[in-house]
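Reminder, nothing fancy here: chain letters follow the sequence lines and each chain counts from 1.
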Amino acid sequence: MIPFLVYIAIFVAAFYVVSYIAQKTAKRDYTSLKTVTFGDESAVRSNRAASFISIVTLFVIWGAFTGSKMLPGFMHAPGPFFGDTSFTYTAEANGQRDDAEVHFRVHRPDETPEPIEIDPGEGFAKNDSELVVAWRSKLLRVDRNDEISKSDGATVVAINGEPIAPGGSVAVNGGIVTLSDKGTPSFEPDSGLQMEPIWLPSPEGVVLRTVEIASTGFQGSTLWEHLGFSLYRVLLGFLCGALVGIPLGYAMGLSDWFRGWFDPIVEFMRPVPPLALIPLVIIWAGIGETGKIILLFLAALWIMAISARSGVSGVKISKVHAAYSLGASKWQIMRHVIIPNSLPEIFTGARVAMGVCWGTVVAAELVAAEKGAGKMIVAASKFQNTDIVIMGIILIGIIGFGIDVLMRYAEKILVPWKGKG
Amino acid sequence: MSGLSIDNISMRFDLPDGGHVQALKDVSLDLQAGELLSVLGPSGCGKTTLLNIVAGFLAPTEGQIVLNGHQVTGPDAERGMVFQQGALFEWMSVRDNVGFGPSMKGMPSKEKAEIVDHLLDVVGLQDFKEKAVYELSGGMQQRVSLARCLANDPDVILMDEPLGALDALTREKMQSLVLKLWKETGKTIILITHSVEEALLLGERLLVMAPRPGRIHKEYRLPFADLGVGQDLREVKKHPDFAVKREEILGMIWDMEEEIMGRSEDAA
Ligand SMILES: Nc1ncnc2c1ncn2[C@@H]1O[C@H](COP(=O)(O)OP(=O)(O)O)[C@@H](O)[C@H]1O
Ligand SMILES: [Mg+2]
């Protein structure tokens, strides 16, 4: 909740700051001279400063609420309590009272420090020393070394001199002491506003883990093998889908019989999400490579068939007529008119299909796989390796985005006539 | 025998709702080789349908087209077509568009290159040879269309409102170009237009068609096309006969339009 409020505050503040600066340094280009901008889509240009600040803000908030070492300390949200603290408890037994101290050393989950050396002290209640993991509360069997233990009738009646009853709690230095219903005190160190690494690791934690996984691997495969396997499946599945789907789409665009025969199948399969096919594919082909390739083949097939079909139907009849009047044969029309005319549509379809395939492969690997990006993140989540999960999600996003950028680039190079007909 | 004979053509479209449209009724016309015919008429009178039948894209319900002694049964390189717009292949350069016909015939590339170069010179696009067609203006694109058609050396050139989408100035230049090409190549040309002036300027013969059913209303033989070759077309328009003919034909078409309006009002 607090990170969200901080985010909104930065959003608004950055807007005013950037607008103010922009006003001071205004350019006089065409769009800036438009008086009607609200509702003129072409006047809405993505504000680069906003994009930049947006990304920086995400990382800063991430770092601030995870105590990142890349941020100076004053930018951190209040963190959990670390270090040594203590409180005094008062035990009562057989009408007598005695005080004893409990010393804590609150440490990070991944550290195992030495316990604090203490001397047991006077009286029947003896001093205790405990190690406490930050963010975790700890039940304190303070009576276990006392001369009169709880089972002998000793009860804790005060903390730091403040009387306490079962169910009550007292704030002490560095945390809160609560007395359970059965009279056992527990200590909960102050958690502050930062996230525990097990929920959300710091950015550098994720980066370090990425570097580590990239060199030593995870679950018997290196990071590149995991990602490479996913990519390989996508490419192979997409290629098979395109190899069958495009000719099928052409046939549907050129022949009544093919159109009639396959229309019901294609129109029925199109709205079925590929993820819904995973169970059936697993039953039929098992969880190995074949099953995944079949799934991705099916994911790409209908999209490619439909885009090829509409690419053919979209050819302007005057172009076909012109080609016939220039003496072209049917085959030449196919080769020189219909195919090039349909390429832009096919590229658009391929972009969609690649996106769907990438999503499908990750989902399929989540369900069952030996290697792959999806497999890596489910395995990591079972071991609570949140840093690997986050790294995996970021890499999956980057690769998906990269595929799209590459496809758009290829489109620009290979079909420069797109939309120019 | 040489020449194009449109022999008693009728065309009836059956509509999905069970009715039908009589797009053409008993249209007959003979064209000598090398004649330039312009066709005029209110929209919907069957001009495009007639041209598509001559091109071989449509089979008439009655009648036949005979070119140089043989019957037309489908599209063929002997009958070239120039469309209004958007019929160029945008995935090819200007050069490849113009060379399309020769390529399809498998002409050796040297010979083809000569033809393409010559025609690009004729239409004044030599400098744009390597450009993509979508980089050209509308007028330049139509010049590419003309060159592409001529590269195939057809006997008959069919044009369906080829200049309809151009601005007035470009249009005037293109009209001169069409006249020049007609005189130089001696092709038989049928040109559809909805501009009376254009029909007068470019038609050695002029056909006015009437709608419902589409038929030939009146035919003219005109001197203006011959006068216009190698002359400023604005001079031709000053010819005393020109204004007379223009008014006469405009009135004719005006009456037809009124009649159509009247009929649809009756129906309503
Ligand atoms: N494929 C078709 N199906 C049904 N009616 C058609 C078809 N093509 C043309 N028509 C009709 O035939 C008539 C003539 O059309 P067209 O030849 O396009 O006229 P024009 O080119 O003179 O404007 C119109 O009434 C049109 O609606
Ligand atoms: Mg028409």
For residues 101-121 of chain B against chain A, heavy atoms under 4.5 Å, the residues are B:Gly101, B:Met104
Just wondering, more than 12 heavy atoms not from A:Lys412 lying within 6.0 Å of its NZ?
no
Kindly give the heavy-atom pair with the smallest separation between B:Gly86 and A:Ser318, and that separation in Å.
O-OG, 3.8 Å
Counting heavy-atom pairs under 4.5 Å with chain B, which one of A:Ser329, A:Gly327, A:Ala323, A:Pro340 comes out on top?
A:Pro340
Which atoms of A:Val415 are under 4.5 Å from chain B, going by heavy atoms: the side chain, the backbone, both sets, or neither?
neither
Under 4.5 Å from any heavy atom of chain B, what part of A:Pro344 do you find: side chain, backbone, both or neither?
neither
Check the surroundings of atom NZ in B:Lys173: do more than 12 heavy atoms from other residues, nucleotides or ligands lie under 6.0 Å from it?
no
Quick one: which of B:Phe100, B:Phe83, B:Trp91 has the most heavy-atom pairs under 4.5 Å with chain A, could you say?
B:Trp91
Using a 6.0 Å cut-off, check whether atom OH of B:Tyr134 has over 12 heavy atoms from anything other than its own residue.
yes
Should we say atom CZ of A:Arg408 is surrounded by more than 12 heavy atoms from elsewhere, each under 6.0 Å from it?
yes
Tell me, for B:Gln84 versus chain A, whether the close heavy atoms (under 4.5 Å) come from the side chain, the backbone, both or neither.
neither
Closest non-hydrogen atom pair, A:Lys319 against B:Leu88:
NZ-O, 3.3 Å
Are the side chains of A:Leu326 and B:Met81 in touch, meaning some heavy atoms are under 4.5 Å apart?
no
Quick check: under 4.5 Å, non-hydrogen atoms only, which of residues 145-153 of chain B neighbour chain A?
B:Arg148, B:Cys149, B:Asn152
Should the heavy atoms of other residues, nucleotides or ligands under 6.0 Å from CZ of A:Phe262 be counted, would the total exceed 12?
yes
Toward chain A, the part of B:Leu158 with a non-hydrogen atom under 4.5 Å:
neither
Would you indicate whether A:Asp256, at its atom CG, is surrounded by more than 12 heavy atoms from other residues, nucleotides or ligands within a distance under 6.0 Å?
no
What distance do A:Tyr324 atom OH and B:Phe57 atom CZ have between them, rounded to the nearest 0.5 Å?
10.0 Å
